[in-house]
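Input: a single structure, listed below in C-alpha cells.
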Amino acid sequence: MEAQMYHYATVSKALEELVEKGFTVDFNIQEGRIINSPDDFEIVHVYRYEGESDPGDEATVFGIKSSTGEKGVFVAGLSAFTDSSAAMVLHELSIKGRDNSSENNVLNG
C-alpha cells in the first residue's frame, strides 16, 4: 500500500492529525531501530511542511507503522536527510513504496 501524502501549513498540525489517527509513538527517539531494521517499518502517511520564506524550514512528518503494530511519527527537517540517517531510510522506503504501487494516491490536505 502506498503512503498517503498531504501538505500542511505547520508541522504541529500534521502531528495533531496523526495523533488523532493513533500514531502516538515518537520514533525520533528510536532512530536506531529504523536505521538498523528498515524492513520492520511501513510508511502510512507523509506530511510535508514547506517553509514560506526559508527552504531550510522544510520538514517531512512520517506516519509509520512497525511490524509489531506500533504506530508513530518521525519528524525530519531538511538537514536530517544525510546518507546514514533514519530520515533517508524512510525517504527510500517511501520511494520504494511508490515504485511498487500500481496506482498513485497523492492527496493534498
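The structure displayed is predicted, hence computed values, not measured ones. Heavy atoms only: backbone and side chains are in, while hydrogens, waters and symmetry mates are out.
Residue Ala59 comes nearest to Val11 through the heavy atom pair CB-CG2, 3.8 Å, listed as atom of the first residue, atom of the second, then distance.
Tested against Glu70, the residues Arg33, Lys65, Gln30 include a single side chain to side chain donor-acceptor pair (under 3.5 Å) partner, Arg33. Screening Val73, Val75, Leu90, Ile64 against Phe27 for a side-chain contact (heavy atoms from CB on, under 4.5 Å) leaves a single residue, Ile64.
Contact check on Lys71 versus Glu42 returns no salt bridge, with no Lys/Arg side-chain nitrogen under 4.0 Å from an Asp/Glu carboxylate oxygen.
In this structure, Asp40 contributes its side chain and Ser67 its backbone to no donor-acceptor pair below 3.5 Å.
If you take CG on Asp26 and CD on Glu31, they are separated by 10.5 Å, rounding to the nearest 0.5 Å. For the atom pair CD1 (Ile43) and CG (Leu93), the distance works out to 5.0 Å, reported to the nearest 0.5 Å. The OG1 atom of Thr60 sits 10.0 Å away from atom CZ of Phe74, with the distance rounded to the nearest 0.5 Å.
At a threshold of 4.5 Å between non-hydrogen side-chain atoms, the residues His45 and Glu17 do not count as touching. For the pair Phe23/Val44, a side-chain contact is recorded, criterion being any heavy-atom separation below 4.5 Å from C-beta on.
In this structure, Tyr47 has its ring center at least 6.0 angstrom away from the ring center of Phe62.
In this structure Glu16 satisfies the salt bridge (Lys or Arg N to Asp or Glu O under 4.0 Å) test with no other residue, sequence neighbours excluded.
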